[in-house]
Amino acid sequence: MFLEFKAQVESVLMDAIQNAGFEIEVSDLDLEPSSYADLASRAAFKLASLQKQNPKDLAAHLVSELKIPKGSYIGAVKAVGPYINFEVSRTYIEKTVAEVREKQEKFGSGAPKEKILLEHTSANPNGPLHVGHIRNSIIGDTLSRILRRAGYDVEVQYYVNDMGRQIAVVSWAFEHFKFNQSRKSDSAIAEIYIKANAELEAHPEHLAEIDALMEGVEQGDAATLENFNTAVALALEGIKETLLRMNVVHDKFVKESSFLMSGAVHAIVERIKATGRTEFDNGALVVELADYGFEKTLVIQRSNGTSLYTTRDLAYHEWKAGQANRVIDIFGADHKLISGQLRATLNSIGIQEPEVVIFEFVSLPEGSMSTRRGQFISADDLFDKVTTAAFEEVEKRRTDLSKATKLEIAEMVGMGAVRYDIVRVSPEKSTVFNWKEALDFEKQGAPYIQYSHARACSILEKAKEEKAWEGPESEIEASLLIEPSEIALIKKMAVFESVIEHCARELKPHTLAIYARELADAFNQFYRFVPVIAAEEAKVRAARLALVDCARIVIANTLETLGIGAPKSM
RNA sequence: GGGCGCGUGGCCUAGCCUGGAUAAGGCGGCAGCCUCCUAAGCUGUAAACCGGGGGUUCAAAUCCCUUCGCGCCCGCCA
């Protein structure tokens, strides 16, 4: 709805500018929402410098030239100083309500678009996911949900490192340490992986055994492969469980080894060699990328002839490029350089490069996290503590509910809090994990938004019980929705689609988190100031109930896009 | 040493790309609001010269230069 409004403002304003005898680009209209107007134009500033005239006079002049067609989404227009302020019309308000009621869970969705292949998480299967990994999962999953809502056909993949050095260490660890069957499989893997690393550090003479294992896999040795697979499967089983609890789902788990087996790794190395930008450096095959701005060469083959992660990743990206129109990767800040080199190398052989979203690190007060050193807070641990804290909150507030219901709510609230807490911060900000904040269900969090959803549901439920509501299909007079907080709420709902569109274009999921909070703010203020069930007139009550239903829908759609549960009661 | 990112009230963040109207929100502080649809809510209030310095511009948190601080990277690891 908002996008149509904006288009109308653009068209009307461009006409006025033309009628006034000026010329300007649409982008110079500088249309932005502000606290003064639904859309404000700063075109007068631009024209002022071109025409050498006072921007105030220009703004007033342009407003006098404006012609607003009947039934337009544009209501009042005012020149305030150099600004031209546009308000939406009643038509806009009432159509928004009608559109939400009609489209329901589809409200805010865009038209079908091309296929996108999005890769996220892809953590090494050498232990459980920790709080650093889940920033990747949550950014990636939220982005995939945003893109789907925007209309893209999104396939989500997890790239499984099933043959790197770390996995060789895990495999080696299996033969030297006892695997604890009673623990969650990924944690048990981490346990022996940490021991193995300590052992290898103390006795570096064993490192040759790791190299031997890696060569075995590279050459397709059945027994070694089998051992690697067992280790990877165990770790992955636990990781998948953790992802599922976060409401994160991957369509495919793609193994690195498959590209070696298929010959794709060998083929792409040959293709890179054919560009003439490779050379041997102490026996290793390296790619020269100075013309792409990289001082260091990129090693794509060890001197013993085996491939590296990067080599297999090149083959993986070649394959991905053939599967979709766009390829998006979510990587941690430690991948900045390597992903740049990867892109450059792909570009040099004419393969479509991925769009890379980089997020900065989550560290602990005592330093950065490391699975190898055993210094990390596992995601499972965080989830358990958060849902326990949420359960205590529910217990305090709702003595009327069964334990099962309270547990269900606590799970939604706790996991929602985790997801929201991570997604609300823009990815380029590095953060320090803090237990106190993680366990604090503050207003700027998922519980606040979930609570506004529960309140909306509760009003509708009560109205149904009291037979005061004819249900979502009832005829209403939207013209009765005139309270300031009603209008503010409707305007907030109307921009949902444009927020989705913006997040999808910029690949910035945190903007949606901020919108969710603002939407909840708008609903809570409406809730506070406008009686619904207690409304005097039946027609007004019906219109307000319909509005509550709309708010319920848009809040639920927003939460769904954030991958956060929308409890009907809490 | 080089590259990239970040630096906004006591604390955590939004805004920066695409410069413009009082720098926005939360936590914490202070003062209020439950005979009324769930107080995980609402209202009010104090608190920031947007790390420092310089520049561009009619206009800079936003762009440019410089400097300081923090994070990440600069492996035949991933």
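Excluded from the calculations below are hydrogen atoms, water molecules and symmetry mates; all remaining heavy atoms, backbone and side chain alike, are included. Per chain, numbering begins at 1; letters A, B, ... match sequence-line order.
Contact annotation for A/E466: no contact, since no heavy-atom pair falls under 4.0 Å across all strands. Using a 4.0 Å heavy-atom cutoff across all strands shown, A/V532 reaches at least one base atom of the nucleic acid. At the heavy-atom level, A/V362 lies nowhere under 4.0 Å from the strands shown. When heavy atoms are screened at a 4.0 angstrom cut-off, A/R517 is found touching the sugar-phosphate backbone but no base atom. Counting any heavy atom pair closer than 4.0 Å across all strands shown, A/A48 reaches no nucleic acid atom. Here A/R505 lies out of heavy-atom contact (under 4.0 Å) with every strand. Within the 4.0 angstrom heavy-atom criterion, base atoms lie near A/S35. Residue A/N54 is out of contact with every strand shown, counting any heavy-atom pair closer than 4.0 Å. A/K296 comes within 4.0 angstrom of the backbone, heavy atoms only, and of no base. Counting any heavy atom pair closer than 4.0 Å across all strands shown, A/S49 reaches no nucleic acid atom. Within the nucleic acid shown, A/A333 comes within 4.0 Å of sugar-phosphate atoms alone, with no base atom in reach, counting heavy atoms only. Residue A/R165 is in sugar-phosphate contact alone, with no base atom involved, counting any heavy-atom pair closer than 4.0 Å across all strands shown.
For the residue pair A/P82 and A/K56, the shortest heavy atom distance occurs at N-CG, 3.9 Å.
Both distances falling under 3.5 Å, in either a Watson-Crick or a G-U wobble arrangement, occur for no nucleotide opposite B/A14. Base pairing of B/A40: no nucleotide in any strand meets the Watson-Crick or G-U wobble criterion (both distances under 3.5 Å). The nucleotide B/G75 finds no pairing partner, because no Watson-Crick or G-U wobble arrangement with both distances shorter than 3.5 Å includes it. Pairing for B/U45 goes to B/G29, judged as Watson-Crick or G-U wobble with the two contacts each under 3.5 Å. Remark: B/G19 base-pairs with no nucleotide in the shown strands. Criterion, Watson-Crick or G-U wobble with two distances under 3.5 Å. Across every strand in view, B/G69 sits in a pair with B/C6 that passes the Watson-Crick or G-U test at under 3.5 angstrom. In this structure, B/C63 and B/G55 make a Watson-Crick or G-U wobble pair, each of the two defining distances being under 3.5 angstrom.
Checked for salt-bridge contact, A/E288 and A/R277 miss the test: no charged N lies under 4.0 Å from a carboxylate O. Using a cutoff of 4.0 Å between basic side-chain nitrogens and carboxylate oxygens, A/K78 and A/E87 are not scored as salt-bridged. We find that A/K396 and A/E392 are not joined by a salt bridge, their nearest charged nitrogen and carboxylate oxygen being 4.0 Å or further apart. By the 4.0 Å N-to-carboxylate-O rule, A/E518 lies close enough to A/K492 to be salt-bridged with it. Between A/R544 and A/E537 no salt bridge is recorded (no basic side-chain N to carboxylate O distance below 4.0 Å).
Across B/G51 and B/G28, the matching C1' atoms stand 23 Å from one another, rounded to whole Å. Between the C1' atoms of B/G9 and B/G15, the separation comes to 16 Å (whole Å). Taking atom C1' in both B/C12 and B/C17, one finds a spacing of 24 Å when rounded to whole Å. Between B/G20 and B/A59, the two P atoms lie 14 Å apart (nearest whole Å). Between B/A47 and B/C6, the two C1' atoms lie 24 Å apart (nearest whole Å). Taking the P atom of each, B/G25 and B/C42 are spaced 13 Å apart, rounded to whole Å. For the C1' atoms, the distance from B/G32 to B/C68 is 45 Å, rounded to whole Å. One C1' atom belongs to B/C58, the other to B/A48, and the distance between them is 26 Å to the nearest Å.
Across the protein-nucleic acid pair, A/H335 atom NE2 and B/C77 atom P stand 14 Å apart, rounded to whole Å. Atom OH in A/Y292 sits about 21 Å away from atom C1' in B/C74, given to the nearest Å. What separates CG of A/L337 from C1' of B/G2 is a distance of 11 Å, to the nearest Å. Note: CG (A/L207) to C1' (B/C76) measures 14 Å, nearest angstrom. B/G28 atom P lies 13 Å from atom CG of A/N434, rounded to whole Å. When the P atom of B/C77 is taken as reference, atom CD1 of A/I300 falls 14 Å away, rounded to whole Å. Between A/R302 atom CZ and B/G75 atom C1' the separation is 11 Å, expressed in whole Å. Between the CZ atom of A/F433 and the C1' atom of B/C12 there is a distance of 14 Å, given to the nearest Å.
For A/F361 and B/G71, the ring-to-base geometry does not satisfy the stacking test (centroid distance below 5.5 Å, interplanar angle below 30°).
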Problem set entry | Derivation of the side-chain contact (heavy atoms from CB on, under 4.5 Å) call for A/D549 and A/L460 | CA-CA 7 Å; A/D549 197 34; A/L460 298 172; 3.4 Å; yes

Exercise. Yes or no on side-chain contact (heavy atoms from CB on, under 4.5 Å) for A/F441 and A/V386, after CA distance, side-chain angles and deciding distance?
Worked result: CA-CA 9 Å; A/F441 303 119; A/V386 164; 4.3 Å; yes

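In this structure, A/K429 reaches the B/A14 phosphate: one of its side-chain N or O atoms is under 4.0 Å from OP1 or OP2.
Cation-pi geometry between A/R455 and A/Y527 is satisfied (NZ or CZ under 6.0 Å from the ring centre, within 45° of the ring normal).
For A/E32, counting side-chain heavy atoms from C-beta on, the closest listed nucleotide (B/C76, B/G20, B/U18) is B/U18. Distance from the side chain of A/S569 is smallest to B/U38 among B/C72, B/C77, B/U38. When each of B/G71, B/C12, B/U38 is scored by its nearest atom to the side-chain atoms of A/K336, the top-ranked nucleotide is B/G71. With B/C76, B/U22, B/U13 as the choices, the nucleotide that has an atom nearest any side-chain atom of A/S303 turns out to be B/C76.
You won't find any donor-acceptor pair under 3.5 Å spanning the side chain of A/S430 and the base of B/C6, going by distance alone. Within 3.5 Å, no donor on the side chain of A/S426 pairs with an acceptor on the base of B/U13, nor the reverse.
The six-membered or imidazole ring of A/Y316 lies near that of A/Y159, with a centre-to-centre distance under 6.0 Å.
Of the two residues near RNA chain B, A/D440 and A/E506, the one whose nearest nucleotide lies more 5' is A/E506.
Side-chain atoms of A/N197 come within 3.5 Å of backbone N or O of A/Y193 as a donor-acceptor pair.
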Between the protein and nucleotides 39-43 of chain B, list the N/O to N/O atom pairs that are separated by less than 3.5 angstrom.
from	atom 1	to	atom 2	distance (Å)
B/A39	OP2	A/R455	NH2	2.6
B/A40	OP2	A/R397	NH1	2.3
B/A40	O5'	A/R397	NH1	3.2
B/A40	O4'	A/R397	NH1	2.8
B/G41	O2'	A/R455	NH1	2.7
B/G41	O2'	A/R455	NH2	3.3
B/C42	OP1	A/Y448	OH	2.7
B/C42	O2'	A/R528	NE	3.1
B/U43	OP1	A/Q525	NE2	3.4

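Side-chain atoms of A/N126 and A/T371 form no donor-acceptor pair, as typed in the model, at a separation below 3.5 Å.
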